[in-house]
Amino acid sequence: MSDFWWSDVAADLPYRHLVAGLILNHVYVSITDFGSSRTTPESYMDHLVGFSLFTTDDCAPGELRAVSLHELGPMMKAARSAEAKHYRAIAAMDRDEMIRCGAYVYFSFLRPFAEAAGVADQLDWTVPRDLAEPVYELLVTLGAELGDQPVSHDPPELYYQPIA
């Protein structure tokens, strides 16, 4: 179960945890402290020479189990369905809920490390943590009044509109 309260759209996915292994030829990969990958060349798919997929679902700690590549088709179909539901759910959120969800994602990326260290239950994961609710509401209201403007160069997409 995810601690992201909006992740219920993924309930029908066949796996909760997947790890992809890529074998690349003549590609330099560096990973930042935040887990972002940088590759040279930037577009590395032409250099892909091998691929494997694993899960940790129902495995002992520290173990992986290979996932059959024949499962990719049904998995992609389920993932596309979950993605469409997810984007529709986000489009149906009000501005404040979007801000809180986004802030929580960025704030809680260290939670798995805190869990591994056994201290996750001792930390306050509330977002915003150090700001009183009335002050937060005032800042959101002021931000909206002082010039929050929609981005004009992005046309609205009909595919991800909320379902009534």
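Just so you know, residue 1 is the first one in the sequence shown, and it goes up from there. Below, all heavy atoms of this structure are taken into account, side chains as well, without hydrogens, waters or symmetry copies.
- The cluster map of Ile, Leu, Val, Met, Phe, Trp and Tyr, joined by side-chain heavy atoms under 4.5 Å apart, puts Met45 and Leu24 in the same cluster.
- Summarising the geometry, atom CZ belonging to Arg16 is positioned 9.0 Å from atom OG1 belonging to Thr56; distances are rounded to the nearest 0.5 Å.
- Looking at heavy atoms from C-beta onward, Leu18 lies in side-chain contact with Val67 at the 4.5 angstrom threshold.
- In this structure the side chain of Asp12 reaches within 4.5 angstrom of the side chain of Lys85, judged on heavy atoms.
- Criterion: ILVMFWY side-chain heavy atoms under 4.5 Å apart, direct or through other members. Under it, Leu22 and Ile31 are part of a common hydrophobic cluster.
- A heavy-atom distance below 4.5 Å is found between the side chains of Phe51 and Leu69.
- Every residue was checked against the salt bridge (charged side-chain N to carboxylate O under 4.0 Å, His left out) condition with Glu71, not counting sequence neighbours, and none meets it.
- Hydrophobic side-chain contacts under 4.5 Å tie Leu64 into a cluster, directly or through other members, with Val19, Phe54.
- Around atom OH of Tyr44, no more than 12 heavy atoms belonging to other residues, nucleotides or ligands sit under 6.0 Å away.
- With Ser7 contributing its side chain and Phe4 its backbone, the two residues share a donor-acceptor pair below 3.5 Å.
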For this session: Would you sort out whether Asn25 and Leu48 count as a side-chain contact (heavy atoms from CB on, under 4.5 Å), showing the intermediate values?
Result: CA-CA 6 Å; Asn25 195 11; Leu48 180 68; over 6 Å; no

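- Proximity of a side-chain donor or acceptor of His17 to a complementary backbone N or O of Asp57 within less than 3.5 Å is not detected.
- Using a 4.5 Å cut-off on side-chain heavy atoms (C-beta onward), Leu13 and Met75 make no contact.
- Residue Ser68 holds its OG atom at 9.5 Å from CG of Leu53, rounded to the nearest 0.5 Å.
- Counted within 6.0 Å of CG on Asp94, heavy atoms from surrounding residues, nucleotides or ligands total more than 12; the atom is thus considered enclosed.
- The nearest pair of heavy atoms linking Ala82 to Ala10 is CB-CA, 4.3 Å.
- Of all non-hydrogen atoms in Pro41 and Val27, the two that sit nearest each other are CD-CG2, 4.2 Å.
- Nearest heavy atoms, His47 versus His26: ND1-O, 4.2 Å.
- The minimum heavy-atom distance between Met98 and Met93, with the atom names listed, is CE-O, 3.4 Å.
- Considering only residues two or more places apart in sequence or on other chains, Arg65 meets the salt bridge (charged side-chain N to carboxylate O under 4.0 Å, His left out) condition with none of them.
- Thr39 contributes a side-chain N or O that, together with a main-chain N or O of Glu42, makes up a donor-acceptor pair within less than 3.5 Å.
- Within the 4.5 Å cutoff, the side chain of Val105 has heavy atoms near those of the Trp6 side chain.
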For this session: Check step by step if side-chain contact (heavy atoms from CB on, under 4.5 Å) holds for Thr32 and Arg38.
Result: CA-CA 8 Å; Thr32 69; Arg38 308 244 191 274; 4.2 Å; yes

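- Of the possible polar contacts, one joining the Ser108 side chain to the Tyr104 backbone as a donor-acceptor pair under 3.5 Å is found.
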